[in-house]
Amino acid sequence: MEVFPRTSSRRLDKAVETFMVWVLRAGGWASVLVTFGIVITLVTESWPFFREVPLIRLFQDTMWTPLFAQPQYGIGALLAGTLVTTGVALLVAIPLGTILAIYLSEFADPKFRDWVKPMLELLSAVPTVVYGYFALLSLTPILQKIFPDLPQFSMLSAGLMMGVMIVPYVTSLGEDAMRSVPMLLREGAFALGDGKLGVGLRVVFPGAFSGLAAAYVLAISRAVGETMIVAIAAGLQPKMTMNPLDSAATVTAFIVQVSLGDLPHGSIGYQSIFAAGAALFLMTLGFNLAGHALRRRFHRAT
Amino acid sequence: MQPEPLRTLQEGRARRRRAIDSNFRRLGFFLTLSTLGILAILMLNLAMNGLARIDWQFMSSFPSRRAGEAGILSAWVGTLLLMLVTASAAIPFGVAAGIYLEEYAPKNRWTAFVEINIANLAGVPSILYGLMALGLFVYQFRFGQSLLSGGLALGCLVLPIVIVATRESLRTIPSGIREAAFALGATRWQAVWHHLLPYSTGGIATGVILAMSRAIGESAPLITIGALTFIAFLPPAPLISHAPFVSVDWLFSPFTALPIQMFNWVSRPGEEFQSNAAAAGLILMVITLSMNAAAILLRRRAQRNITW
Amino acid sequence: MSLSPENARQAIPESDASESKDLPKVQIRGVNFFYGSHQVLRNVSMDVPALKVTALIGPSGCGKTTLLRCLNRMHDLYPGNRYEGSIQVQPDGTDILGSGVDPIQVRMRFGMVFQKPNPFPKSIYENVAYGLRLQGMNRRRELDERVEKALREAALWEEVKSRLHQMAHNLSGGQQQRLCIARAVATDPDVVLFDEPTSALDPIATSKIEELIVELKKRVTVMIVTHNLQQAGRISDMTAFMYLGELIEFGETNRMFTNPAKPQTEDYISGRFG
């Protein structure tokens, strides 16, 4: 008769357990290593750039031409492009995304919603190079009928396309937030005779606000970091302009533009894209952390 | 009995609310359909411009200066091999991290830091992964502008997607299942290996498919590591005729990929190149959208099949 | 140290049941339990007799489930928990709260049945066989025998023998709970712990489980947490009344229900609080 539990197998189980804890923990570390990898690379590779270029010139210069013989380092020229394209995108995504979120959470038939939501999310799964293609070759010609002076590359066209891309972020996260507002609150307002839209705007929207705000902030982060749409459709020329009908490079488009050329390791061009990347990282880090904090706050509140 | 004026006032108000509600309902429905319509227009546009271009010659030719002779052979082979590298990097580490955080990690500051880190990582612009790969993989580790560098960059990019999907999937398993296993004398790893992982494969597979579909469409990180070059050859084959019969030379080969090839064609003037771009885009769209559809169906089925 | 049930059974021949009945199966001595800085159990001592049903009763939050989960060291799974005192288990007299004791081996000696039926989403057969496999039993013939024996003991064999390889989730709630009992007894544990096993079941399924528990005590020591006083009265031999983390009174069930010694016990049993 065998004796159970077998102590030998128990010893093996223990060894496996200890080993697996280390393996799994290594997985957790990998995610931290990726962040360290990004931060360290950005810092070390842009270090020579910031040693050569005094910080003040980033804000004093009005042009961004680090590759010229007489270089200018006005990062404002890149930030302006990012700001305008992001602004245009948000003008589309926030109103449209919010209306869709209210409609899906408060009005739509649950079956319709369960079917439509994943379909909407497909919009953010479309490869961005496809959006860029569409913006440049289809959207811009249409817009040129409305604005005859619109150049072939424009921040308007790229921004609108980007807005479509980020609508699902707003709708999906926003709708989740609104639906987690307790039914009891809605019933309070319905009992007073308010209509569905009234309840949606006066009870659900404020109740879900930090959740919605998280959705907006994460959408901003997406727009700021989006690359291919702007690189294809907004132009690659850094320009200090706030006019969406103009063409201008964003921070991300500049990185693409430099990467397209021959890029010797250690050249000023090489260093400048890491400097631009560092600026981009800081911006999106801020938005991501804010979005994360808002989401956490919302989940704690409900 | 209420006085007459108040009642008419109430009726008027109620009627107006109903009107507002039904108008908003119509607006919401219309906007939902129009937003989905954009997706349809995109597909139609690509199909109209590119479908005619897709044939055997297109699939089996290298890029060329002449648009009519160009094809996507090196691009789709490159995409396939990239995904191999990406999946082998992202799936084991992502699933391990997900299991660790959900089942093992003590609740302390380090864990909280790792969680915030993953939330942030999921929102880091893809191009920054490209810069990291350029500085770290291409130059520091001397992998060159290779499939390995590109695949690892995409692997890092989709790592958070796999981690989050693993965690969410594990979280849907009720704690009673864990306790039942532990009460019978299972170690934590036995509970994971015998129960939690088998019961969450549907959710993890969904996450992996979504991650891969994201990686297939990415071009920015690949451009950053310098993959946008004229590639008219295939990487060395992974299987060779002499011992040890497998070769890793292909990992260090330069490459191109579908989205990069498409970007290349978009930025060239001339309608012929643009229809090449549309054809490549159509193929990309069909791949990513059907992967997403598969993920949706898989998630639906997993939810239907297991009722705890 | 010999913790394995098989060794234990060799040490004390089964024919000599009188001796093992005389020794208390589980001796709980001065057990304190802390969740972080919050003390949940205060100086609990009791002797759980062998081959009897011992019920733990008391208002919710009194610590009865906490005490039950001390016995198979389930608290070790969550951080911030601390035990004091000792729990000796016969026949070998091991202190299962002792520092050198492997909680996993303790769990192999104590079967547990939970509030809600929690079968694994596997086949009926695999549910019962899992504990045996964990203890290193892999031979098919042996497994088949033990699975059948356990299912018979759980009065489930006749209902499921033709569909052993179907999913356990297709069973009704009561059947699922009996399957969980089969799973718990399959490994021949010294003690089976029941944590409000009928709270999620309908009256008919409940009475089946109760019959089963009474039947089980012929072979194994049973401890059951219940919020249902009538249930404790129906099936238990001994009853422990707990209140605010303390053991107020412990004695034979009949005596406790007819003639409680402590006023709190009387108040609780007569329905004045709880």
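Lettering follows sequence order; numbering is per chain, from 1. Everything numeric in this text was worked out from a predicted model, so none of it was measured.
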Can you tell me how far [atom2] of [Y] sits from [atom1] of [X], rounded to the nearest 0.5 angstrom?
{"X": "B/Trp189", "Y": "A/Glu17", "atom1": "CH2", "atom2": "CD", "value": "9.0 Å"}
{"X": "B/Leu159", "Y": "A/Ser31", "atom1": "CG", "atom2": "OG", "value": "6.5 Å"}
{"X": "A/Phe134", "Y": "B/Asn49", "atom1": "CZ", "atom2": "CG", "value": "10.0 Å"}
{"X": "B/Leu39", "Y": "A/Leu123", "atom1": "CG", "atom2": "CG", "value": "5.0 Å"}
{"X": "B/Ile296", "Y": "A/Lys117", "atom1": "CD1", "atom2": "NZ", "value": "12.0 Å"}
{"X": "B/Ile116", "Y": "A/His292", "atom1": "CD1", "atom2": "NE2", "value": "4.5 Å"}

Look at atom [atom1] of [X] and say whether more than 12 heavy atoms of other residues, nucleotides or ligands are closer to it than 6.0 Å.
{"X": "B/Phe137", "atom1": "CZ", "value": "yes"}
{"X": "B/Phe113", "atom1": "CZ", "value": "yes"}
{"X": "B/Arg16", "atom1": "CZ", "value": "no"}
{"X": "A/Arg296", "atom1": "CZ", "value": "no"}

Heavy-atom side-chain contact between [X] and [Y] under 4.5 Å:
{"X": "A/Val126", "Y": "B/Thr288", "value": "no"}
{"X": "A/Tyr103", "Y": "B/Leu31", "value": "no"}
{"X": "A/Ile102", "Y": "B/Phe24", "value": "yes"}
{"X": "A/Glu226", "Y": "B/Pro125", "value": "no"}
{"X": "A/Ile273", "Y": "B/Leu134", "value": "yes"}
{"X": "B/Leu284", "Y": "A/Val129", "value": "yes"}
{"X": "B/Arg300", "Y": "A/Pro118", "value": "yes"}

**Study point:** side-chain contact (heavy atoms from CB on, under 4.5 Å) evaluation trace for B/Met262 with A/Val130
**Key:** CA-CA 8 Å; B/Met262 179 178 177; A/Val130 171; 4.0 Å; yes
What option among [options] has the most heavy-atom pairs under 4.5 Å with chain B?
{"options": "A/Phe112, A/Tyr131, A/Tyr270", "result": "A/Tyr270"}
{"options": "A/Thr252, A/Leu260, A/Thr171", "result": "A/Leu260"}
{"options": "A/Leu289, A/Leu136, A/Leu33, A/Asp194", "result": "A/Asp194"}
{"options": "A/Ser221, A/Ala125, A/Gly261, A/Ala293", "result": "A/Ala125"}
{"options": "A/Gly291, A/Ala278, A/Ser259, A/Gly225", "result": "A/Ser259"}

Winner by heavy-atom pair count (cut-off under 4.5 Å) against chain A, out of [options]:
{"options": "B/Leu128, B/Ile38, B/Asp21, B/Ile223", "value": "B/Asp21"}
{"options": "B/Cys156, B/Gly281, B/Ser219", "value": "B/Ser219"}
{"options": "B/Ile225, B/Val266, B/Asn120", "value": "B/Asn120"}
{"options": "B/Leu46, B/Leu136, B/Ile118, B/Leu121", "value": "B/Leu121"}
{"options": "B/Leu101, B/Leu42, B/Val114", "value": "B/Leu42"}
{"options": "B/Ala14, B/Gly28, B/Gly98", "value": "B/Gly28"}

Practice item. Could you tell me whether the side chains of B/Asn45 and A/Ser138 share a donor-acceptor contact shorter than 3.5 Å? Key: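 Yes, side-chain donor-acceptor contact under 3.5 Å.
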Check your understanding: For the side chain of B/Arg188 and the backbone of A/Val21, is there at least one donor-acceptor N/O pair under 3.5 Å apart?
Key ->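 No; zero donor-acceptor contacts below 3.5 Å.
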Exercise for review: Kindly say whether A/Leu122 contributes a backbone atom to a donor-acceptor pair with the side chain of B/Asn292 at under 3.5 angstrom?
Suggested key: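 No, B/Asn292 side chain to A/Leu122 backbone: no donor-acceptor pair under 3.5 Å.
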Tell me, side chain or backbone of [X] under 4.5 Å from chain B's heavy atoms, or both, or neither?
{"X": "A/Val164", "result": "side chain"}
{"X": "A/Arg222", "result": "side chain"}
{"X": "A/Leu218", "result": "neither"}
{"X": "A/Met119", "result": "both"}

What part of [X] gets closer than 4.5 Å to chain A, counting heavy atoms only: side chain, backbone, both or neither?
{"X": "B/Gln274", "result": "both"}
{"X": "B/Leu131", "result": "both"}
{"X": "B/Arg25", "result": "both"}
{"X": "B/Phe263", "result": "both"}
{"X": "B/Ala278", "result": "both"}

Point to revise | chain B-proximal positions within residues 38-46 of chain A [heavy-atom distance under 4.5 Å] | key: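 From residues 38-46 of chain A, the residues near chain B are A/Ile38, A/Thr41, A/Leu42, A/Glu45.
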Minimum heavy-atom distance between [X] and [Y], given as atom pair plus value:
{"X": "B/Val124", "Y": "A/Asn288", "result": "N-ND2, 3.8 Å"}
{"X": "A/Gly27", "Y": "B/Ala96", "result": "CA-CB, 4.1 Å"}
{"X": "B/Phe93", "Y": "A/Ala30", "result": "CD2-CB, 3.6 Å"}

